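These figures come from a predicted structure and were not determined experimentally. Side chains included, hydrogens not; waters and symmetry mates left out as well; all remaining heavy atoms used.
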Amino acid sequence: MQTKILKTAFTSSLCLILAGISSVSFAQTPQTLSLYHRSLAATCANCHGTDGKGVVDGGMPLINNLSSQQMLEQLKAYKSGAREGTIMPQLAKGYSDEQLEIISVQLGKK
């Protein structure tokens with residue numbers, strides 16, 4: 001079952017990344033830019049729940065208690081390999097540093 005969840009998360013993330021890349025060629029209004037930012041952050045909902053709130057004791061870390069800076073540090077640690085994980089290192093490597101910053105701003109505690 002966990003393999004199915006990981007495959008779904010990976011596939012969803014890949015689709016959103018490809019959609020984000022293809023949208024770069026279009027004129028970006030504030031509305032489309034906002035939608036792009038929200039769609040990047042939405043990829044996290046596959047495992048961490050809506051807005052990172054997740055399910056208590058659901059097996060995935062709850063990330064809604066992290067500040068934007070803490071979240072960005074963790075994402076970059078996964079991307080660089082400084083922090084180990086099951087799927088997060090692979091997912092983080094699929095994003096640019098700019099995209100990781102957008103995700104952390106969208107989901108991190110203000």
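For Ser80, the side chain to side chain contact (heavy atoms under 4.5 Å, CB included) partners are Ala82, not counting sequence neighbours. For Gln74, the side chain to side chain donor-acceptor pair (under 3.5 Å) criterion is met by Arg83, not counting sequence neighbours. With sequence neighbours excluded, the residues that form a side chain to side chain contact (heavy atoms under 4.5 Å, CB included) with Leu62 are Val56, Asn64. Residues that satisfy the side chain to side chain contact (heavy atoms under 4.5 Å, CB included) test with Ala45, not counting sequence neighbours, are absent from this structure. Partners of Glu98 according to the side chain to side chain contact (heavy atoms under 4.5 Å, CB included) rule, which considers only residues two or more places apart in sequence or in another chain, are Ser96, Ile102.
The shortest heavy-atom contact between Ala92 and Tyr78 is CB-CB, 3.9 Å. The shortest heavy-atom contact between Pro89 and Glu84 is CG-C, 4.3 Å. Counting all heavy atoms, side chain and backbone alike, Ser104 lies closest to Ser68 at O-OG, 3.1 Å. Considering every non-hydrogen atom in both Asn46 and Thr43, the closest pair reads ND2-O, 3.2 Å.
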ask   = Step by step, would you call Glu101 with Tyr95 a side-chain hydrogen bond (donor to acceptor under 3.5 Å, both in side chains)?
value = CA-CA 10 Å; Glu101 188 171 334; Tyr95 294 101; over 6 Å; no
message = I'd like to know whether Met71 forms a side-chain contact (heavy atoms from CB on, under 4.5 Å) with Leu107, so could you lay out the CA-CA distance, the side-chain angles of the two residues, the decisive distance to 0.1 Å, and finally the verdict.
response = CA-CA 8 Å; Met71 190 172 299; Leu107 291 178; 3.7 Å; yes
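Residue pairs meeting the salt bridge (Lys or Arg N to Asp or Glu O under 4.0 Å) criterion with at least one member in residues 56-81, sequence neighbours excluded: Lys79-Asp97.
The OH atom of Tyr36 lies 3.5 Å from the CD atom of Gln99; values are rounded to the nearest 0.5 Å. Within the model, atoms CD1 of Ile103 and NE2 of His37 stand 10.5 Å from one another, a figure rounded to the nearest 0.5 Å.
Of the N and O atoms on the side chains of Gln69 and Ser67, not one donor lies less than 3.5 Å from an acceptor on the other residue.
At a threshold of 4.5 Å between non-hydrogen side-chain atoms, the residues Leu75 and Met88 count as touching.
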